[in-house]
Amino acid sequence: MKQPVYLTEHERYKQWTLGIILTIGGFLISIPFIWMILSAFKTESEVMQIPPTLWPSEFTLENFVNLFVNMNFAVYLKNTIIVVLFSFAGLFLNAMAGYAFAKFNFKGREKIFYVVLATMMIPGQVTMIPVYLILNQLQLTNTMTGIVLPGLVGAFSIFLFRQFMSTIPDELLEAARLDGASEFRVFIQVVLPISKPILAVQGILTFIAGWNSFLWPLIIANDEALYTLSVGLSLLKGQYGGNFALQMAGSTFMVVPIIIIFILFQKHIIEGYTISGMK
């Protein structure tokens, strides 16, 4: 049984001082986000008011209504949700690849895995042109398939799944096989339930990446009906550069879900990078 740890008076003073400093620092960093969110509910005249106000004198949803009525944000939201859903489908493929690298012995396994890891060192901007040319030959440019296809699998996700699934006891898998379970059933009913922690981590990271997708949809699509929220927010800045209240509403609609996800699941996100170092 662990003995309780008692802090000295000096250590408690340092702990309280550090806590106060971090709290003040966190509040100062949060001020721009708080002002952005509250400004989304202000009128344009109040946003431009000097000196600026923090709390709206009168809450209004007019800016959000304009986003969906005049700026096609409903279309952008639909496309973003499609990208996120297909990214979750790709998460299943990444899990299968990680399981294969972790538990199957086949010729060239280590070499192939090192090649997969090597792709993590290549900036995404370098591969965009070859991928675009391939999709262009397949006539998949300016299509939703062309937007979601390159993001279905990722080396980092495969690496995390492989590292985690390597810790699953082989005896447990052998017992399932002896009971007559197929390899796919072993993966679905044994491996995936055990892998819930890494699935949660990757699910969060996948959602964040899909929700923030900007550069690739902008490159592969020239039809506004295929743009995502990030691209739509960029268009908003260009077309309504002088309407700051509308821009604040668009930024709030884009950022708040990510902030909520991070606050709720920050523990799992941190664990994801810890798990990547497991053997």
Side-chain angles (χ1 to χ4, degrees), residues 33 36 40 63-95 97 116 119-158 160 201-241 243 246-262 265 269:
F33 293 100
M36 176 190 72
N63 297 316
F64 292 97
V65 173
N66 287 336
L67 287 179
F68 287 90
V69 174
N70 301 322
M71 287 298 300
N72 294 326
F73 259 63
V75 175
Y76 305 150
L77 177 61
K78 180 196 71 173
N79 295 334
T80 303
I81 292 175
I82 291 175
V83 171
V84 170
L85 291 178
F86 274 95
S87 298
F88 281 122
L91 187 65
F92 181 74
L93 300 177
N94 290 325
V116 172
T119 61
M120 295 172 58
M121 305 181 210
I122 304 175
Q125 294 83 352
V126 174
T127 60
M128 280 185 178
I129 294 178
V131 172
Y132 179 89
L133 293 176
I134 292 172
L135 293 177
N136 188 45
Q137 290 293 324
L138 296 174
Q139 298 183 350
L140 292 178
T141 55
N142 202 36
T143 63
M144 185 57 65
T145 303
I147 293 176
V148 302
L149 193 60
L152 285 181
V153 294
F156 182 66
S157 181
I158 293 174
L160 286 184
V201 172
Q202 283 302 109
I204 296 166
L205 298 179
T206 298
F207 172 80
I208 293 175
W211 187 265
N212 290 331
S213 56
F214 170 74
L215 187 57
W216 181 248
L218 182 62
I219 292 175
I220 199 69
N222 53 30
D223 186 355
E224 188 176 345
L226 295 172
Y227 286 165
T228 58
L229 282 173
S230 295
V231 182
L233 188 61
S234 178
L235 292 177
L236 176 65
K237 182 180 178 181
Q239 297 176 7
Y240 295 87
N243 193 331
L246 192 63
Q247 292 185 56
M248 293 300 171
S251 300
T252 298
F253 187 77
M254 183 74 199
V255 173
V256 167
I258 300 296
I259 296 177
I260 294 174
I261 290 294
F262 184 80
F265 301 102
I269 296 174

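Computed from a predicted structure; not experimentally measured.
Taking every heavy atom of both residues into account, Ser213 and Ser230 meet most closely at O-CB, 3.4 Å. Pairing each heavy atom of Asn72 with each of Glu224, the nearest pair is ND2-OE2, 3.6 Å. Nearest heavy-atom pair across Ala249 and Ala40 is CA-CB, 3.6 Å. Considering every non-hydrogen atom in both Met36 and Thr252, the closest pair reads O-OG1, 3.5 Å.
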Side-chain donor-acceptor pairs of residues 143-158 under 3.5 Å, sequence neighbours excluded:
| unit_1 | atom_1 | unit_2 | atom_2 | d |
| --- | --- | --- | --- | --- |
| Thr143 | OG1 | Leu140 | O | 2.4 |
| Thr143 | OG1 | Gly146 | N | 3.1 |
| Ser157 | OG | Asn94 | ND2 | 3.3 |
| Ser157 | OG | Gln202 | NE2 | 2.8 |

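Proximity of a side-chain donor or acceptor of Thr80 to a complementary backbone N or O of Leu229 within less than 3.5 Å is detected. Side-chain atoms of Asn142 come within 3.5 Å of backbone atoms of Asp223 as a donor-acceptor pair (strictly under, hydrogens ignored).
Considering only heavy atoms from C-beta on, Asn63 stays 4.5 Å or farther from Gln247 through its side chain. Val83 is not listed as a side-chain neighbour of Trp211, based on a closest heavy-atom distance of 4.5 Å or more. With a 4.5 Å cut-off on side-chain heavy atoms, Thr228 and Phe214 do not count as touching.
The CZ atom of Phe207 sits 14.0 Å away from atom CG of Leu91, with the distance rounded to the nearest 0.5 Å. Remark: Ser251 OG to Phe33 CZ distance equals 10.5 Å, nearest 0.5 Å. Here Leu77 contributes atom CG and Leu67 contributes atom CG; the two are 11.0 Å apart, rounded to the nearest 0.5 Å. With rounding to the nearest 0.5 Å, the separation of OH in Tyr132 from CG in Asn136 is 5.0 Å. The CG atom of Leu246 sits 4.5 Å away from the CG atom of Leu236 when rounded to the nearest 0.5 Å. Here the CG-OH distance, from Asn222 to Tyr227, works out to 6.5 Å after rounding to the nearest 0.5 Å.
Taking the six-membered ring for Trp and the full ring otherwise, the centers of Tyr76 and Phe253 sit at least 6.0 Å from each other.
The number of heavy atoms from other shown groups lying within 6.0 Å of CZ (Phe64) is above 12.
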